[in-house]
A.B. asks: 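Sending over a structure as structure tokens; questions will come in a sec.
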Amino acid sequence: MSFCDIKRTIDKNWCVVEEKFDINKVRHYESVFALGTGYMTTRASFEEGFEDDEQNMEYDRIPGNVSLEVIPSKKSKWGTFIQLVQGRHPFWRVGIVNLPYYLGLVIYVDGEKLDMEKSRISGYCRWLDMKTATLYRVFTWETRNGKKLELMFKRFMDPEQKFVCVQQVLIKMISGNADIEVKSYIDNDVRTNGFDKYKSRCVSYAGNNIIYSDITTNLGGRVVTTSKMINTRTDDFTIEKEDRRIYSTSCFRLNENEEAGIVKISAVTADVYFKKEMLIDKGIELVNANIGTDVEKLHIAHKNYWAKKWEASDIIIEANDSEGYNSQLAIRQSIYHLLRARSGDYRALNCAKGTTSEAYLGSVCWDMEIFFQPFYIYTQPELAKMAPMYRYHILDGARRSAASMNYKGARYPWQTDFKGDEVCPMFEYADHEIHITADVVVGIWHYFLNTNDKDYLYNYGLEIIIETARYWTDRVDKIESRPGYQILGVMGPDEYKPITNNNAYTNFVARFNLELVEKVVNMIKADAPEIYEKVCKKISFSEDEIKTFNEIARGLSIPMDKERNIVWQCDDFDTAYATIDIEGLWKDKDQLFGKFTTQE
């Protein structure tokens, strides 16, 4: 298939297309075009990179106003993340680690380096085919001495292989003859939120044109990144090693109308999934297994996997869109990233950024239950189970969180690492956005109602529902001047109202949590009494507690204006807040409103 024919396969309802290169949008498309297997995500960085774009920039990312934060950045942002590979940061506690960059493929023609920002490029087009989860790039490059070449880049990551990326480059000489040099490399000189999370690192050569990086995080996790490049024009390669980067270089001559094919296979092996002492051997095994298979055959297997996922998940939209907007493409883009980011490992869930960035530390928030879970529940129930299983896996962390504040039961942290500990460094959110605890229960019940997974509810869910209800009995307060129970000093989903009393959403889901105990207890007592007795014994539960749960639930205050049938967001919402002169303060709409006022 010619390069022009490949471009004709673009389906505007399935493909996100970048029709013109813009250096200012590189980081944006690195996220939008990201590939992943659920276990590992890699940002869509350009293989050849850019000048003056080192990825080892260090800076202090100080926790602060997240709405106004400007993170120092270069032209691009390399990123490969495995959710379970985590490290410590001096300001942001524990979070995912930016792993070594393995996409490197630098191309020289008669000594001139390909650089999308500086080279003479025409016919540029890059697109993510979401139907097949494949990233393509095609263009024509005219060198300074008048040589002209057509290039096509293709990249995919088969979810069934979990930790392998396949890259293919096709080069065709359109006019003239030229000496071509292709340098494949791995680079571990990268940073996570401006900080080097590696305790040790090295790069090395394993023979047979296999290069690798071997790093240990500052929490002791070991990760090996292995790559091998093959070339249809020559079997000769040279190896060049720097302190934190290693190259495998191939040189060949290309005459007019001749073509060359480059294939690079990379594998990332971590000790959270493989034996620590076998990581290099396992990486070599994965690379060799794929490098010996035709790329098209690998791609067919990959496409078949995605066809099955889309068959269960696709949403068809017929819309009268305004010019320049495509509703069908938009919904598929959301579905694609949800499918790309979720694995069958309950320990490794997608963060609010879909694991395309370290901005949210790879931590799990309430987004999991409230925003992500409905999609998985209705389309991928086997993946939907991972969220409630994760919450059970970190239940001890929720118990530690409650105990640290002198509460009973289980209080889920606002942002959790893979062990269930709080990683949000800002007290405004970590101490006050307590609706997360009831959100977990909402997610569990939503999952059960649509899957009828009694095994989960009985053996795992009941324990969470009771322990979280116990937390609410300690967290509520009574005020002499008001009847019932109050939940004071909280932040609801509206984070621009930082500390409020009786947030309507928080109180409503807390009430739901408390009331659910009796319903689930009665269900399990009747259906599986032996499991019920086992859970009661494990957590010392007495049915006398149900009376307290229900009393508090009935007495929880929901702020309302009954005459107008309005539910207020929190107590005194209609009287306690000043009217802001937004137009007067917000003098430049190209900047964030927070730039012009000291309060959000």
A.B. asks: Is atom OH of Y360 surrounded by more than 12 heavy atoms (other residues, nucleotides or ligands) closer than 6.0 Å?
C.D. replies: no
A.B. asks: Of all residues at least two apart in sequence or in a different chain, which pass the ring-ring contact (aromatic ring centres under 6.0 Å, His included) check with Y136?
C.D. replies: W127
A.B. asks: Does either side chain, that of T238 or that of Y247, offer a donor lying less than 3.5 Å from an acceptor on the other one?
C.D. replies: no
A.B. asks: Would you confirm whether K183, through its side chain, and S248, through its main-chain N or O, come within 3.5 Å as a donor-acceptor pair?
C.D. replies: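 Checked: no pair found.
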A.B. asks: Holding to side-chain contact (heavy atoms from CB on, under 4.5 Å), I want the full list of residues that pass it with K241, two or more places apart in sequence or in another chain.
C.D. replies: V203, I246
A.B. asks: With sequence neighbours excluded, tell me which residues meet side-chain contact (heavy atoms from CB on, under 4.5 Å) with F153.
C.D. replies: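 Result, side-chain contact (heavy atoms from CB on, under 4.5 Å) vs F153: E47, E48, I107, L114, R137, F139, L151, V169.
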A.B. asks: Is the distance from the ring center of W306 to that of Y336 below 6.0 Å?
C.D. replies: yes
A.B. asks: State whether a side-chain donor-acceptor pair under 3.5 Å links D345 with Y273.
C.D. replies: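 Yes.
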A.B. asks: Looking only at atom types and distance, does a side-chain atom of S76 sit under 3.5 Å from a main-chain N or O of R27, one as donor and one as acceptor?
C.D. replies: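 No; zero donor-acceptor contacts below 3.5 Å.
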A.B. asks: Please name all residues satisfying side-chain contact (heavy atoms from CB on, under 4.5 Å) with K162, sequence neighbours left out, ordered by chain then number.
C.D. replies: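 If we apply the side-chain contact (heavy atoms from CB on, under 4.5 Å) test to K162, skipping adjacent residues, the hits are Y39.
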A.B. asks: Does the side chain of R342 pick up a donor-acceptor pair with the side chain of N350 at under 3.5 Å?
C.D. replies: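 Note: R342 and N350 side chains meet the donor-acceptor criterion.
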A.B. asks: Could you work out, with ring-ring contact (aromatic ring centres under 6.0 Å, His included) as the rule, every residue matching Y59, not counting sequence neighbours?
C.D. replies: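 Checked Y59 against ring-ring contact (aromatic ring centres under 6.0 Å, His included); zero matches.
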A.B. asks: Are D158 and V164 packed together at the side-chain level, in the sense that at least one heavy-atom pair is separated by less than 4.5 angstrom?
C.D. replies: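 Contact flag for D158/V164 side chains = no.
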A.B. asks: Please list, chain by chain and in numerical order, all residues satisfying ring-ring contact (aromatic ring centres under 6.0 Å, His included) with F195, sequence neighbours excluded.
C.D. replies: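 Per chain and number, F195 pairs via ring-ring contact (aromatic ring centres under 6.0 Å, His included) with H89.
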A.B. asks: Y205: what forms a ring-ring contact (aromatic ring centres under 6.0 Å, His included) with it, not counting sequence neighbours?
C.D. replies: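 For Y205, no residue satisfies ring-ring contact (aromatic ring centres under 6.0 Å, His included) once neighbours in sequence are set aside.
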A.B. asks: Sequence neighbours left out, what passes side-chain contact (heavy atoms from CB on, under 4.5 Å) with K20? Give chain and number order.
C.D. replies: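 Not a single residue meets the side-chain contact (heavy atoms from CB on, under 4.5 Å) criterion with K20.
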A.B. asks: Mind checking what makes salt bridge (charged side-chain N to carboxylate O under 4.0 Å, His left out) contact with E382, not counting sequence neighbours?
C.D. replies: K309
A.B. asks: Give the ring-plane orientation class for Y185 versus W78, where under 30° counts as parallel, over 60° as perpendicular and anything between as tilted.
C.D. replies: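 Rings of Y185 and W78: tilted, 30 to 60°.
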A.B. asks: Who passes side chain to side chain donor-acceptor pair (under 3.5 Å) against K595, sequence neighbours left out?
C.D. replies: none
A.B. asks: Can you tell if the side chain of I291 reaches within under 4.5 Å of the side chain of V263, non-hydrogen atoms only?
C.D. replies: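 Yes, close enough: below the 4.5 Å cut-off.
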A.B. asks: Is there any salt bridge (charged side-chain N to carboxylate O under 4.0 Å, His left out) pair reaching into residues 286-295, and which pairs are they, with sequence neighbours excluded?
C.D. replies: none
A.B. asks: Tell me, please, which residues at least two apart from R201 pass side chain to side chain donor-acceptor pair (under 3.5 Å).
C.D. replies: D243
